[in-house]
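These notes are about the structure you will find just below.
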2 protein chains.
Amino acid sequence: MIFHILFISLLTLLISTVGSPMNIWPTPRSLTWTSPHAILLSTSFTINSPSHRYLTPAVNRYLRQILTTHYTPLLPPTLNLTVTPPLQTLTISVDDVTAPLSPSVNESYTLTVTSHSATMTSATVWGAMRGLETFSQLIWGDPTRIASGLVVTDWPVFEHRGVMLDTGRNYYPVEDLIRLIGSMSANKLNVFHWHLTDSQSFPLVLESEPGLAGNGSYGSGMEYSREDVERVVEFGLEHGVRIVPEIDMPGHTGSWAEAYPDIVTCANMFWWPAGAAWEDRLASEPGTGHLNPLIPKTYDVVKNVVKETTTLFPDSFYHAGADETVPSCWKADPTIQAYLANNGTLSQVLEIFINNTNPYIVSLNRTTVYWEDVILDAGIKVNPLTLPPETTIMQTWNAGPDNTKRLVSAGYRTIVSSSDFYYLDCGHGDFTGNNSAYDQPPGFDQKKGGSWCGPFKTWQLIYNYDITYGLNETEAKLVLGGEVALWSEQADPTVLDSRMWPRASAMAESLWSGNRDETGKKRSADATDRLSEWIHRMVSRGVKAEPIQPLWCIKNPGMCNTANPIF
Amino acid sequence: MIFHILFISLLTLLISTVGSPMNIWPTPRSLTWTSPHAILLSTSFTINSPSHRYLTPAVNRYLRQILTTHYTPLLPPTLNLTVTPPLQTLTISVDDVTAPLSPSVNESYTLTVTSHSATMTSATVWGAMRGLETFSQLIWGDPTRIASGLVVTDWPVFEHRGVMLDTGRNYYPVEDLIRLIGSMSANKLNVFHWHLTDSQSFPLVLESEPGLAGNGSYGSGMEYSREDVERVVEFGLEHGVRIVPEIDMPGHTGSWAEAYPDIVTCANMFWWPAGAAWEDRLASEPGTGHLNPLIPKTYDVVKNVVKETTTLFPDSFYHAGADETVPSCWKADPTIQAYLANNGTLSQVLEIFINNTNPYIVSLNRTTVYWEDVILDAGIKVNPLTLPPETTIMQTWNAGPDNTKRLVSAGYRTIVSSSDFYYLDCGHGDFTGNNSAYDQPPGFDQKKGGSWCGPFKTWQLIYNYDITYGLNETEAKLVLGGEVALWSEQADPTVLDSRMWPRASAMAESLWSGNRDETGKKRSADATDRLSEWIHRMVSRGVKAEPIQPLWCIKNPGMCNTANPIF
């Protein structure tokens, strides 16, 4: 057995040293390649698989891609072509075709390609989709060739591998979401966290609350209809990507005031009055408004929203937001003023809100996801006893590994979206207008370029982040995984692809098969060339991923490395 | 007269305060709008202009755009529609139709739109193109409306307003260059500085030296043919954009070695040996190679290159590069070693190169542009007496205003491309592979994110930079203008538009009409809303400019401002 492991390691080492004859992104957990060579793929190639509502469309999609793409790698694979009858069939067998796409579903698969056959076994149809993507990445050229003589045994390190997109601050047409989810699936990412609404707009059309989008969206062409959502959810299922909706509340709800001014405090006020301390801002950025927890009508609206949203989105996770509740917005409201005057606290106001909403969410068979602020905020937060770990998951974004540790040691399953590592919007400056700080004499320290979470998070930074850093084994088990996040103050469809890729790919590999080699060393060096090749394949598939190197570097392996650390 | 100026200022102030009823980018030097209103534009609208090889296509292009676009502004212009017969004609008269597109050509124009007529006068056809762009930006809606009752008198602050693009490190298809030049013209930018070649590739096909692209390009699909160049030059002329070619030398010439290994020193060597000091690198980044100034054959090749390039590019400027000559690359060559052993210096080696090439360039009726390194480099540099200011222009990229001052006080006309302000590629990390510095424990200082010239240069930073900072009046007159620069280590067609726009627009306004209002105050606050509107118009024209704000900010003027400086 030790011999076997060593053997695999040596082979893997050999493969990466000679410049990976075939690139798979994310790299599999285990690749045994005893006799690296290639064979032709028949022009009448087919895939045999169990008939399944979601697997069958996936199979058809991959089959079409395999037969028509004829991908040309940047570097020709160094695999000799063995003359055999062309490969006719990939045969897929699935142990349990009934397992739904759920948070802890088994995504493992084993793929074997020999000179005369290709077979895949997987625990579930979702694992089969992962394996199909791997299979598709073994294929290139015209006539079509496939890497052969190998066995891939593969399964993820983390079960939750996600992307968060904010469609509240700027709108993204459904086509962009579809393209995003498709490319997520190609990267073996499995959760699309859809931050649907925010203070700036409410694009989700709800039959039970038509005024929210009717008055709060950016316009009738910038909404998500029931049909749009159904299409996204269905597309996600066909790609093994769960769609987790977030309706952020009680903060970040200014847009609700366009329909219900009476349930929103401090709506449409100037966000940070001149001369006021940061603590006295009305919102963390322009666009004010918090739901008022002390008014019964708030819950009439919220329950309609939650109910219909859970109907639209079948996933067992429901993200309820609860980030950035700021004191002055609630303090601007007379009802809340009276409550405070009566010795109430703002944390109690938040607790009232949580106690009036979370049990309802749970009653709809959902696990609630909250931003960490709900229990970790320095000012307004609830008692963790209010939120049982059995039905609550926390998503961390502040203070790097420190807050991850605080959440898991409190017993919560945790999703990591550290703004120091996983925020994709950082580093492109600030969006507020009339900022006299922009006007500086030459020679001043440009610091983070005016971006609160700058600098820009490079793919290397993302790749190398260990999301269980500093945790013991028990704590680490509570880390479900991570999500890169694209907030949209300065993003929209024009930059979606380039902000997302290849940086989400970096997280994808890190969470699928880890960021270290067999010796425990970070493998971002080897990853550089492989990621460039993967970017090239994504671009060939219509995803405008940002380049990370001159083409010269990829064509001259090793020549763009540095032997001396630079930062 | 004082009354008149005050009157204009008050009107301008009024216009910007009420949220600019009509946005023009870059904002004109003078806009007199005594009775702001709109009139309809006839569906049979025409433009009368002198027939001219380059103006006529421009007129036809704007006419088509005006009649078909029906642009919808983000905020509806607050202009009442006056009922008059629709506007039928714009009449253009040009004082001197023979003036060629040259460095100091007069670009001024006066545009008058009344309720019943539109007229433009300009000194040259190039000024008429600027005015046509302004005219097109006064138009919106369906049915088509035009802002009326105004007089625009307009001319640039700086004569040289450019964009540099590096097509040597990554390749850009001609279509991308065409789109870039078109959008430059829309921003009243007038110089496309085409950094054609570098150590990584030599995409320019030359009949006299077919091997340079034949062996040194990235491949036959990634070259610029004679027809490609002619198309770019012609397109530039039809858009009032000069095309200045740069064939960088003697450094940055590794790609030449694919055809002529004998004239290139240190080609294809590892760029920075392990353990070596930075001073001992063979190139400033991966991709080594310098032309050898001590070999006669070098000049045979160089003269063919220069000769044919000046034939392809009619502009009177020729950029000869001369940046980043590093000692160890030349020291690797036996001929140069012998020269040094004989008490020669590397600066003398460079001087030999310059003396053998610059007079030839000048003999072809060209003004030579050099990167500042040629006289300011800390190590290898020539005596400024070698380079007469009459025929030499310097382009600065280091040390902000300090180096600008050093160049102009030496008497050189200067183009500003400060890497602290005008480098558009900065801030997206580093591209070298195998860099152990990427792997840091959480909590480390991310500094500039691994980018040597980070952070990312925001549009505000670019807008506010005063390129004549610290100069006296005489010195300031030698500053011809500026160029934003997009180096392509981490850029290619996927990100061209978003890296370029709107940040090149920020420089465009700053260099066209200045970055200050009538009171001398920086006007980037007012510019925020206007730039968002301009981004929207560029996107509607097919240029994927990056957003700078949530749509909410534009729809709620002033609400995203900050009253408290943030940086």
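Residue numbers start from 1 in every chain, and the chains themselves are labelled A, B, ... in the order their sequence lines are given, proteins ahead of strands. Note that this is a predicted model, so its numbers are computed, not measured.
Taking the six-membered ring where the residue is Trp, Phe421(B) and Phe444(A) present tilted rings, their angle falling between 30° and 60°.
No part of Tyr171(A) comes within reach of chain B, as not one of its non-hydrogen atoms sits under 4.5 angstrom from that chain. With a 4.5 angstrom heavy-atom cutoff, Tyr469(B) touches chain A only via side-chain atoms. Only the backbone of Pro273(A) comes within contact range of chain B, judged by heavy atoms closer than 4.5 Å. Contacts between Arg499(A) and chain B at a heavy-atom distance below 4.5 Å involve the side chain alone, from C-beta outward. Met222(A) touches chain B through its side chain: at least one heavy atom from C-beta onward sits under 4.5 Å away, while N, CA, C and O do not.
When Lys522(B), Arg523(B), Arg169(B) are compared by the number of non-hydrogen pairs under 4.5 Å with chain A, Lys522(B) comes out ahead. Between chain A and the options Asn556(B), Ile548(B), Thr458(B), the largest number of non-hydrogen pairs under 4.5 Å is found for Ile548(B). When each of Asp402(A), Asp529(A), Asp420(A), Asp198(A) is checked for heavy-atom pairs under 4.5 Å with chain B, Asp420(A) comes out on top. Comparing Ser532(B), Gly429(B), Gly427(B) by heavy-atom pairs within less than 4.5 Å of chain A, the highest count is held by Gly427(B). Of the listed residues (Lys555(A), Gln200(A), Gln460(A)), the one with the most heavy-atom contacts under 4.5 Å to chain B is Gln460(A). In terms of heavy-atom pairs under 4.5 angstrom with chain A, the leader among Ser199(B), Ala274(B), Ala527(B), Pro442(B) is Pro442(B). Counting heavy-atom pairs closer than 4.5 Å to chain B, the top-ranked of the candidates Ala399(A), Cys553(A), Gly470(A), Gly433(A) is Gly433(A). Taking chain B as the reference chain and counting heavy-atom pairs below 4.5 Å, the highest number among Asn464(A), Asp466(A), Thr562(A) is found for Thr562(A). By number of non-hydrogen pairs under 4.5 angstrom with chain A, the leading residue of Leu551(B), Asp430(B), Val495(B), Asp497(B) is Leu551(B). For the set Pro550(A), Pro286(A), Ala563(A), Gly443(A), the entry with the most heavy-atom pairs within less than 4.5 Å of chain B is Pro550(A). Interface remark: of the candidates Asp439(B), Val539(B), Asn515(B), Asp439(B) forms the most heavy-atom pairs closer than 4.5 Å to chain A. Of the residues considered (Thr528(A), Asn170(A), Asn564(A), Thr432(A)), Asn564(A) shows the highest number of contacts with chain B, using heavy-atom pairs under 4.5 Å.
Residues Tyr218(A) and Trp552(B) meet the side-chain proximity criterion, which asks for heavy atoms closer than 4.5 Å. Residues Pro455(B) and Gln446(A) are in side-chain contact: their nearest non-hydrogen atoms beyond the backbone lie under 4.5 Å apart. Within the 4.5 Å cutoff, side-chain heavy atoms of Pro547(A) are placed close to those of Thr494(B). Looking at Lys447(A) and Lys448(B), their side chains never come closer than 4.5 Å, going by heavy atoms from C-beta outward. Annotation: side chain of Gln549(B) is not in contact with side chain of Glu489(A) (no heavy-atom distance under 4.5 Å). Considering only heavy atoms from C-beta on, Lys544(A) stays 4.5 Å or farther from Lys544(B) through its side chain.
For the atom pair SG of Cys426(A) and CZ of Phe456(B), the computed distance is 12.5 Å after rounding to the nearest 0.5 Å. To the nearest 0.5 Å, the span separating OG on Ser498(A) from CG on Asp492(B) amounts to 10.0 Å. Taking CH2 from Trp271(A) and CE from Met559(B), the interatomic distance works out to 11.5 Å, rounded to the nearest 0.5 Å. For the atom pair NZ of Lys521(B) and OG of Ser436(A), the computed distance is 8.5 Å after rounding to the nearest 0.5 Å. For the atom pair SG (Cys560(B)) and CH2 (Trp272(A)), the distance works out to 14.0 Å, reported to the nearest 0.5 Å.
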Check against side chain to side chain contact (heavy atoms under 4.5 Å, CB included), Gln490(A) and Glu546(B): CA-CA 7 Å; Gln490(A) 297 181 301; Glu546(B) 174 168 304; 5.8 Å; no
